[in-house]
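Below is one structure; the comments refer to it alone.
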Amino acid sequence: MANVFDILKERGYIEQTTHEEEIKELLEKESVTFYIGFDPTADSLHLGHFIQIMVMMHMQRAGHRPIAVIGGGTAMVGDPTGKTEMRKMLTEEEINKNAAALEKQISKFIDLDDDKGIVVNNALWLRNLNYIHFLREIGVHFSVNRMLTAECFKTRLEKGLSFLEFNYMLMQSYDFLELYRRYNCKLQLGGNDQWSNILGGIDLIRRKEGASVYGLTFRLLTTSEGKKMGKTESGAIWIDPDKTSPYDLYQYLRNIGDADVEKALALLTFLPMEEVKRLGSLEGAEINKAKEILAYEFTKIVHGEEEAKKAQKAARALFSNEAEDAASVPSTEMEKERFTKGVGILDLLTETGLTSSKSEGRRLIKQGGIYLEDERINDMDLIITTKNFKDNKLLLRRGKKIYHQIELV
RNA sequence: GGAGGGGUGCCCGAGUGGUUAAAGGGAGCAGACUGUAAAUCUGCCGGCGAUUGCCUACAAAGGUUCGAAUCCUUUCCCCUCCA
């Protein structure tokens with residue numbers, strides 16, 4: 001069987017490693033406990049985080065033991081890496097709430113039974129640290145001079161960096177040490193922006209324990225233009241189905257740029273690489289098949305086969321004009337009575353969330369971007385009544401591909 | 001603690017008394033073209049209402065003025081240099 005390291009490398013996850021050969025060897029000869037950190041800065045993971053989840057799944061499948069560390073302690077401080085300025089501080093309640101939500105999500109993707117995987121919150125050891133004690137035990141091992149030369153602080157030195165944030169690196173390093181002590185965790189993985197934080201932990205463990213541990217970073221999920229993937233006008237693409245519906249998730253990937261298809265297939269699905277390459281090399285309109293597969297496979301991983309099928313079916317129905325079975329299109333239920341009098345189109349658009357304000361709705365109608373059952377609307381005073389509904393359903397469309405269904409109840 | 005500089009719309013960034021809902025760029029949205037792609041072109045891009053209107057907005061709160069993002073005062077925050 002191929003080494004996971006090779007698998008990860010072939011699929012394009014790996015960006016940097018501390019000791020390529022040693023890591024490979026280690027992964028070959030034993031079941032390795034490794035960790036990845038997640039910051040509870042929101043109450044759901046988003047598409048960008050999913051690279052990390054995918055890696056965990058790959059690793060777990062290969063018999064290694066993942067630890068997902070929820071940064072309930074580190075979030076109290078905030079990671080300055082990659083930020084141009086200090087981010088707003090979250091309250092303790094927010095952090096706790098987010099941490100609980102993330103924990104629940106992560107446990108859906110990695111197997112926690114029989115100690116095969118672990119989810120742990122670093123608040124457990126960080127929040128009650130004694131300052132003096134911490135400085136003496138941990139702080140001594142960090143050279144400020146060296147930290148300042150780290151790339152991640154450089155940008156912040158121009159804009160200003162608070163002492164609070166400066167400590168983030170120590171805390172994350174300490175995490176690694178704790179995990180090494182508690183679980184014999186020997187490998188830390190993370191996004192490429194975590195490189196210096198990871199190195200800090202490795203150094204610390206060497207100094208405190210005289211042990212060699214390793215680090216590895218992966219690519220951030222970006223488009224071919226180098227922009228972060230997973231962001232849209234309405235915000236991030238979330239894993240939580242209440243924040244981003246399976247249909248929208250599906251559509252997001254379905255609409256991915258040609259140049260990104262192969263990369264996304266490798267990173268976000270478990271399809272064999274030969275298949276990934278084959279699909280990625282399709283040209284012209286053919287590549288749409290690859291996009292469909294990508295969208296389907298990924299939705300399946302995140303939300304399960306059933307949701308993936310529903311999303312695919314809905315998408316196909318809508319885009320091939322067979323307006324049946326739009327079951328999974330985002331929909332809103334509204335009371336039938338309201339439509340006996342009639343509801344203005346602008347209100348309807350806003351209520352369904354298709355537009356964020358009536359002004360936007362007006363604008364879109366003016367530009368010809370709103371459709372009712374595939375008929376372009378020109379009249380912004382249009383009143384929708386029960387007559388517009390077929391079987392108590394009405395399909396609204398914004399632009400080419402954003403649909404929303406209204407159901408009468 | 002002292003001296004100086006600064007805080008503008010999603011982001012970057014012009015604007016130093018009126019014609020500024022605020023140049024320009026990026027992002028985003030819509031239209032055309034396409035393959036539910038990219039590139040390109042066109043339009044839009046605070047809210048409410050509608051045939052030229054109203055409200056909210058240039059860190060916050062006050063003030064000067066017919067009129068302020070622009071001037072003054074206070075507060076908060078950030079940066080640079082000195083301690």
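This structure is a prediction, so every number in the text was calculated from the model and none was measured. Because only heavy atoms are used, hydrogens play no part in the values below, and waters and symmetry mates are left out as well, while side chains stay in. Here is how names work: the chains are called A, B, and so on, in the same order as the sequence lines, proteins then strands, and each is numbered from 1.
Each of B:rU36, B:rG31, B:rA37 was ranked by its minimum atom distance to the side chain of A:Arg254; first place goes to B:rU36.
With sequence neighbours left out, A:Glu306 forms a side-chain contact (heavy atoms from CB on, under 4.5 Å) with no residue at all. Listed by chain and number, the residues in a side-chain contact (heavy atoms from CB on, under 4.5 Å) with A:Asp379 are A:Asp381, A:Leu382 (sequence neighbours excluded). With sequence neighbours excluded, the residues satisfying salt bridge (charged side-chain N to carboxylate O under 4.0 Å, His left out) with A:Glu292 are A:Arg316. When the salt bridge (charged side-chain N to carboxylate O under 4.0 Å, His left out) test is applied to A:Lys108, no partner is found at least two apart in sequence or on another chain.
Between B:rG31 and A:Tyr371, a contact under 4.0 Å exists linking OP1 or OP2 to a side-chain N or O.
Using atom C1' as the reference point in both B:rA23 and B:rU8, the two lie 12 Å apart (nearest Å). Using C1' as the reference atom, B:rA14 and B:rU20 are 12 Å apart when rounded to the nearest Å. Taking the C1' atoms as reference points, B:rA21 lies 12 Å from B:rC45, given to the whole Å. For the C1' atoms, the distance linking B:rA69 with B:rG9 amounts to 12 Å, nearest Å. Using atom C1' as the reference point in both B:rU80 and B:rG46, the two lie 35 Å apart (nearest Å). Only the P atoms considered, B:rG24 is 32 Å distant from B:rC79, to the nearest whole Å. As rounded to the nearest Å, B:rA27 and B:rC11 have P atoms that lie 16 Å from one another. Here, B:rG13 and B:rA61 have their P atoms 24 Å apart, quoted to the whole Å.
If you take CG of A:Leu349 and C1' of B:rA30, they are 13 Å apart, rounded to a whole angstrom. In this entry the distance linking NZ of A:Lys400 with C1' of B:rA38 reads 12 Å, nearest Å. Summarising the geometry, the separation between NZ on A:Lys401 and P on B:rU36 is reported as 8 Å, rounded to the nearest angstrom. Taking atom CD1 on A:Ile402 and atom P on B:rU36, their separation rounds to 16 Å, with Å as the unit. We find that CG of A:Asp260 is positioned 10 Å from P of B:rA38, with the value rounded to whole Å. The interatomic distance linking A:Asp374 (CG) with B:rU36 (C1') rounds to 13 Å, in whole Å. B:rU36 atom P lies 11 Å from atom OH of A:Tyr403, rounded to whole Å.
Figure legend. B:rA21 is base-paired to no nucleotide; pairs are counted as Watson-Crick or G-U wobble with both atom distances under 3.5 Å. Checking B:rC81 for Watson-Crick or G-U wobble geometry (two distances, each under 3.5 Å) identifies B:rG2 as its partner. In this structure, B:rA59 forms a base pair with B:rU75, meeting either the Watson-Crick or the G-U wobble geometry with both donor-acceptor distances under 3.5 Å. Remark: B:rG28 base-pairs with B:rC44. Criterion, Watson-Crick or G-U wobble with two distances under 3.5 Å.
More than 12 heavy atoms of other residues, nucleotides or ligands shown are found within 6.0 angstrom of NZ on A:Lys243. At most 12 heavy atoms of other shown residues, nucleotides or ligands fall within 6.0 angstrom of atom NZ in A:Lys393.
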Please report the C-alpha distance between A:Asp203 and A:Arg206 in whole Å, then the side-chain angles of each, then the deciding distance to 0.1 Å, and finally whether the salt bridge (Lys or Arg N to Asp or Glu O under 4.0 Å) criterion is met.
CA-CA 5 Å; A:Asp203 263 4; A:Arg206 201 188 54 241; 3.2 Å; yes
Quick one, A:Asp248 with A:Ser245, criterion side chain to side chain donor-acceptor pair (under 3.5 Å). Give me CA distance, side-chain angles, the key distance, then yes/no.
CA-CA 5 Å; A:Asp248 287 331; A:Ser245 72; 3.2 Å; yes
How does protein contact run along nucleotides 42-53 of chain B, one letter per nucleotide 5' to 3', with B for base contact, S for sugar-phosphate only, - for none, heavy atoms under 4.0 Å?
-BSS-SBBB---
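Within 4.0 Å (heavy atoms only), A:Tyr250 reaches no atom of the nucleic acid at all. Among the atoms of the strands shown, base atoms are found under 4.0 Å from some heavy atom of A:Gly284.
For A:Leu364 and A:Ala315, each mapped to the nucleotide of RNA chain B holding its nearest heavy atom, the one lying further toward the 5' end belongs to A:Leu364.
Residues A:Glu351 and A:Arg338 are paired through a salt bridge, judged by an N-O separation under 4.0 Å between the basic side chain and the carboxylate. For the pair A:Glu209 and A:Arg181, the salt-bridge criterion is met [side-chain N within less than 4.0 Å of a carboxylate O].
Figure legend: A:Arg376 and A:Tyr371 shown without cation-pi pairing, the cationic atom not lying both under 6.0 angstrom from the six-membered ring centre and within 45 degrees of its axis.
Of all the residues in residues 285-295 of chain A, A:Ala285, A:Ile287, A:Asn288, A:Lys291 reach under 4.0 Å from RNA chain B with at least one non-hydrogen atom.
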